[in-house]
Amino acid sequence: MKKEKLLVTSALTYANGKLHIGHVAGSYLNADIFVRYQKLIENDVIYIGGTDDYGTPISLKAEEEGVSPKVIAERYNQSMKKDLEGINIQLDNFSGTSRPRHIEISQDFFTNLLEAGYVTKKTLKQLYDKKYKRFLADRYIEGICPHCKAEGARGDQCDSCGKLIDAINLIEPKSKISGKTPVIKETTHWYLNLPKFEEELRTWLSTKTYWKDNVRNFIFSWLNEGLKERAITRDLNWGVPIPLENTKGKVLYVWFEAPIGYISSTQEWAEKKGKPDLWKDYWLNPETKLIHFLGKDNIPFHTIIWPSVLMKQKEPYILPYDVPANEFLNLEGQKMSTSRNWTVWVEDFLKYFDGEYLRFYLAANAPESKDSDFYWKDFQAKINNELNNILGNLANRTFIFAKKYFDGKISKPDNLSEYSKKTLKEADKLAGYIGKSYNNYQVRKATRLLMDIARSGNKYFDETQPWVEIKNNKAKAEETLFVCMELLRIISILYSPIIPKSMKKLRKMMNLNKKILWKNLGKIPGKFEIGKVSQLFQKIEDSEIKKQLELLKATQKGRKEMIKHKEEIEYDDFSKLEFRIVKILEAGKIEKSNKLIKLKISIGGEERTAVAGISQSYEPEGLIGKKVAMLINLKPRKVMGVESQAMILSAEDDGKFAVLVPDKEVKSGSEIL
RNA sequence: GGCGGCGUAGCUCAGUCGGUUAGAGCAUCGGAAUCAUAAUCCGAGUGUCCGGGGUUCGAGUCCCUGCGCCGCUACCA
């Protein structure tokens with residue numbers, strides 16, 4: 001069979017934190033398993049990754065710590081590299097986008113697109129915050145709508161009349177960061193002309209019928225909404241500077257430049273190997289299959305924008321062959337969140353458990369076609385019931401028996417019984433399915449099928465009863481052991497992409513020293529000789545799981561939230577606000593809205609209508625009759641067609657609302673001072 | 001509300017092109033066995049395949065519709 005050439009990548013990870021199980025489940029483990037399988041079948045494959053060093057969160061963190069962003073990026077780059085090694089994810093190269101090589105090639109990419117006429121320069125007027133010395137993104141600006149004169153219009157759109165606004169046309173604009181009036185400054189940005197790519201993209205994408213459904217759905221909904229020009233530069237200090245004269249402070253936008261990191265990381269790899277041009281053998285070779293592993297949030301960038309960028313380079317870069325995207329991994333039934341510390345850091349996991357266990361569990365439970373969950377109890381069950389009881393015990397009972405009665409030496413019998421033949425044949429059939437599963441990114445399935453082989457071994461052992469045969473027909477007992485060892489030998493090959501370290505250990509016990517290759521599956525040895533044996537896996541105690549759950553809860557309670565305070569105000573500012581206790585007379589959902597409730601309230605004798613965005617925490621009926629706190633002299637505003645003449649006061653906690661009610665009975669209309 | 005996804009056993013899920021009596025693991029109950037990490041093996045199941053309608057000789061699967069849940073998005077004055 002002809003060797004294939006493959007270039008596999010895992011999505012670049014933001015270098016603003018440590019590696020967690022979401023990264024592993026999303027794009028590292030599945031890529032690593034795929035790559036290891038490709039190596040088993042002797043394809044030429046390299047596996048490339050790295051960190052995305054330019055995210056805004058990184059500059060913010062650097063500011064907080066008073067260091068340069070480069071320090072942060074390099075710190076987490078190293079930390080991730082170490083954690084990946086800790087769970088045996090074997091990348092051929094792990095680079096970072098703030099390294100010089102990457103900067104250079106990103107600039108080339110930009111220049112090529114510009115010269116080919118796919119990048120448009122536009123000068124526009126933007127609002128600039130003098131205090132913070134930066135241009136303001138639309139959502140950081142507020143002002144009066146030039147169309148309907150409503151206050152509180154955002155920089156991009158007026159919520160009152162729904163019209164789109166250019167931020168510089170706002171009347172009396174205010175910066176939301178400093179509260180000051182920004183100045184108008186001219187700035188220049190470069191836009192990628194995506195509409196110009198649309199036809200070419202459609203033609204190319206229409207050949208990708210073999211892509212996963214979730215990926216195709218995503219792309220076509222994007223295409224059908226219509227592609228728009230997108231700015232590929234920003235006014236920032238931390239990023240890849242654009243390679244033009246007099247453009248200080250302009251950098252490439254991360255989504256443009258980050259995927260180029262795959263190329264710069266490959267170059268870095270080639271250089272380390274001492275063959276600086278070797279990268280071209282992959283990136284510029286039409287025979288190479290380029291496969292990007294990533295999470296679903298990254299689909300549009302890798303299937304629309306990135307191919308567009310690649311198409312118009314001077315060198316004939318290959319385009320992605322496949323983009324197997326995973327869905328998300330949740331933790332204990334809740335969405336993971338690094339800011340809430342609701343995740344499991346790989347570094348912490350490795351303090352308590354073997355990395356192989358994480359690989360096994362995440363493989364068995366991978367979010368391939370829909371979101372899946374990491375449950376600690378389920379983790380324990382899978383490790384104990386499957387890895388230990390089924391597989392570990394099969395190896396252990398076979399080895400101990402062989403040691404005890406045969407001094408560890410088991411020869412192949414001259415004739416195998418029908419049952420033995422059938423058992424081996426079944427395993428061989430499963431091996432074929434497993435190979436296919438690996439090749440189709442179906443890690444869950446591969447894991448399940450593998451367990452089936454181990455199960456069949458236990459069944460075979462039980463039914464052939466070697467502990468009985470050893471007394472009256474020693475050869476029969478030896479046959480059983482031979483077949484079980486052969487199953488273990490096959491398993492040691494088949495399982496090596498998922499739990500490589502354990503399978504290596506297994507092979508060592510069996511004195512199997514040949515290189516692990518798929519083609520050796522069918523080569524049944526004439527005899528087995530067991531070396532020193534020990535248990536393959538250890539069980540996880542209830543107490544260990546309890547501890548993990550407690551740790552998880554503790555990080556929730558112990559977490560200190562940094563509250564960012566607003567600007568100090570004068571008493572006069574406060575005294576302008578009129579808060580009163582009002583009684584809710586009627587409440588009902590607003591049609592077509594998800595969060596809004598329409599309220600009829602009485603302030604003393606006066607009745608008004610108000611809109612409140614709290615329907616995720618309150619049923620309208622439950623509000624009727626309540627006396628609540630409201631701000632009543634805010635300028636009325638139409639929301640979803642209803643005029644709101646007061647604003648309810650409520651405390652927000654993680655998306656849930658609690659309305660404020662007085663501690664004692666007071667009459668409606670009472671002023672709050 | 002718009003777009004997308006999901007709904008199958010107590011739990012986690014598989015179910016190919018529409019094809020017999022809807023499957024696996026875990027958990028539960030009963031049994032066998034004693035080589036083994038009390039591990040293993042056999043057996044027993046339980047199902048309104050979310051509801052309703054349609055297409056079809058035949059629907060978990062395709063179409064329409066209703067409900068529920070999740071993600072993105074708009075609406076939190």
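Within every chain, numbering begins at 1; the chains are lettered A, B, ... in the order of the sequence lines, protein sequences first and strands thereafter. Not measured: the values here are computed from a predicted model.
- When both pairing distances are held under 3.5 Å, B:A74 makes no Watson-Crick or G-U pair with any nucleotide shown.
- Searching all strands for a Watson-Crick or G-U wobble partner of B:C49 with both distances below 3.5 Å returns nothing.
- For the C1' atom pair drawn from B:G47 and B:G23, the interatomic distance equals 12 Å after rounding to whole Å.
- Spacing between B:A22 and B:U8 at atom C1', rounded to whole Å, works out to 9 Å.
- Here the CG atom belonging to A:L660 is positioned 10.0 Å from the CZ atom belonging to A:F579, to the nearest 0.5 angstrom.
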| message | Quick one, A:K436 with A:Y438, criterion side chain to side chain donor-acceptor pair (under 3.5 Å). Give me CA distance, side-chain angles, the key distance, then yes/no. | response | CA-CA 5 Å; A:K436 256 185 214 155; A:Y438 280 139; over 6 Å; no
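- Counting distance only, with no hydrogens placed and no angle test, the side-chain atoms of A:D378 and the base atoms of B:U12 include no donor-acceptor pair under 3.5 Å.
- Across the C1' atoms, B:A9 and B:G25 are found 12 Å apart, a figure rounded to whole Å.
- Both the sub-6.0 Å distance and the 45° axial angle are satisfied by A:R230 relative to the ring of A:W255.
- Proximity of A:N389 to the phosphate of B:U40: a side-chain N or O atom is located under 4.0 Å from OP1 or OP2.
- For the pair A:K436 NZ and B:U16 C1', the interatomic distance rounds to 12 Å; values are reported in whole Å.
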| task | Evaluate the criterion side chain to side chain donor-acceptor pair (under 3.5 Å) for residue pair A:Q535 and A:N388; output intermediate values, then yes/no. | result | CA-CA 9 Å; A:Q535 290 189 8; A:N388 278 278; over 6 Å; no
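- Among B:C76, B:C13, B:U40, the nucleotide with an atom closest to any side-chain atom of A:R397 is B:U40.
- Nucleic acid contact for A:A477: none, since no nucleic acid atom lies under 4.0 Å from a heavy atom of the residue.
- Salt-bridge check for A:K422 with A:E426: failed, with every basic side-chain N at 4.0 Å or more from each acidic carboxylate O.
- At whole-Å resolution of the value, CG in A:L329 and C1' in B:U12 are 14 Å apart.
- Rounded to an integer number of Å, the gap from A:Q535 CD to B:A39 C1' is 10 Å.
- Residues from residues 398-411 of chain A lying near RNA chain B, meaning a heavy-atom separation below 4.0 Å, are A:I400, A:F401 in numerical order.
- A:F406 has its ring centre no less than 6.0 Å from the ring centre of A:F401.
- Distance check on atom C1': B:U46 versus B:G30 gives 15 Å, rounded to whole Å.
- Nucleic acid contact class of A:K459 (heavy atoms, under 4.0 Å, all strands): sugar-phosphate only.
- When the P atom is compared between B:U12 and B:G7, the two are found 12 Å apart, to the nearest whole Å.
- Across all strands, A:Y375 comes closer than 4.0 Å to no nucleic acid atom at all (heavy-atom distances).
- Relative to the six-membered ring of A:F528, A:R489 misses at least one condition, a distance below 6.0 Å or an angle of at most 45° to the axis.
- Atom P of nucleotide B:A14 and atom CG of A:L450 are separated by 18 Å, given to the nearest angstrom.
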| request: List the steps and the verdict of side chain to side chain donor-acceptor pair (under 3.5 Å) for A:E479 and A:S417. | output: CA-CA 9 Å; A:E479 180 179 345; A:S417 71; 3.2 Å; yes
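- Between A:F537 and A:N365, the one whose closest nucleotide on RNA chain B sits nearer the 5' end is A:N365.
- One atom, CG of A:N472, and another, P of B:C35, lie 14 Å apart when rounded to the nearest Å.
- B:C6 is paired with B:G68 under the criterion used here, namely a Watson-Crick or G-U wobble arrangement in which both key atom distances are under 3.5 Å.
- For an aromatic pair to be called close, the ring centres must be under 6.0 Å apart, and A:F379 with A:Y375 fails this.
- Straight-line distance between the C1' atoms of B:U20 and B:U28: roughly 30 Å, to the nearest whole Å.
- The closest donor-acceptor contact from the side chain of A:W376 to the backbone of A:Q548 lies at 3.5 Å or more, if one exists at all.
- In this structure, A:K505 atom NZ and B:U37 atom P are separated by 14 Å, rounded to whole Å.
- Separation of the P atoms belonging to B:C49 and B:C11 is 16 Å when rounded to the nearest angstrom.
- The CZ atom of A:F482 sits 24 Å away from the P atom of B:C35 (whole-angstrom rounding).
- Residue A:G392 is the one, among A:G392 and A:K296, whose nearest nucleotide of RNA chain B lies closer to the 5' end (criterion: closest heavy atom).
- Taking atom P on both nucleotides, B:C6 is separated from B:U16 by 13 Å, rounded to a whole Å.
- We find that CD of A:E327 is positioned 11 Å from P of B:G5, with the value rounded to whole Å.
- Pairing each heavy atom of A:L329 with each of A:A25, the nearest pair is CD2-CB, 3.8 Å.
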| request: Determine, for nucleotides 24-34 of chain B in 5'-to-3' order, which nucleotides have protein heavy atoms under 4.0 Å from the base (write B), from only the sugar-phosphate (write S), or from neither (write -). | output: -SS------SS
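- A salt bridge links A:R455 to A:D452: one of the charged nitrogens lies within less than 4.0 Å of a carboxylate oxygen.
- The partner of B:C29 is B:G43, judged by Watson-Crick or G-U wobble contacts that both fall below 3.5 Å.
- If you check B:G19 for Watson-Crick or wobble pairing at under 3.5 angstrom, you find it paired to B:C57.
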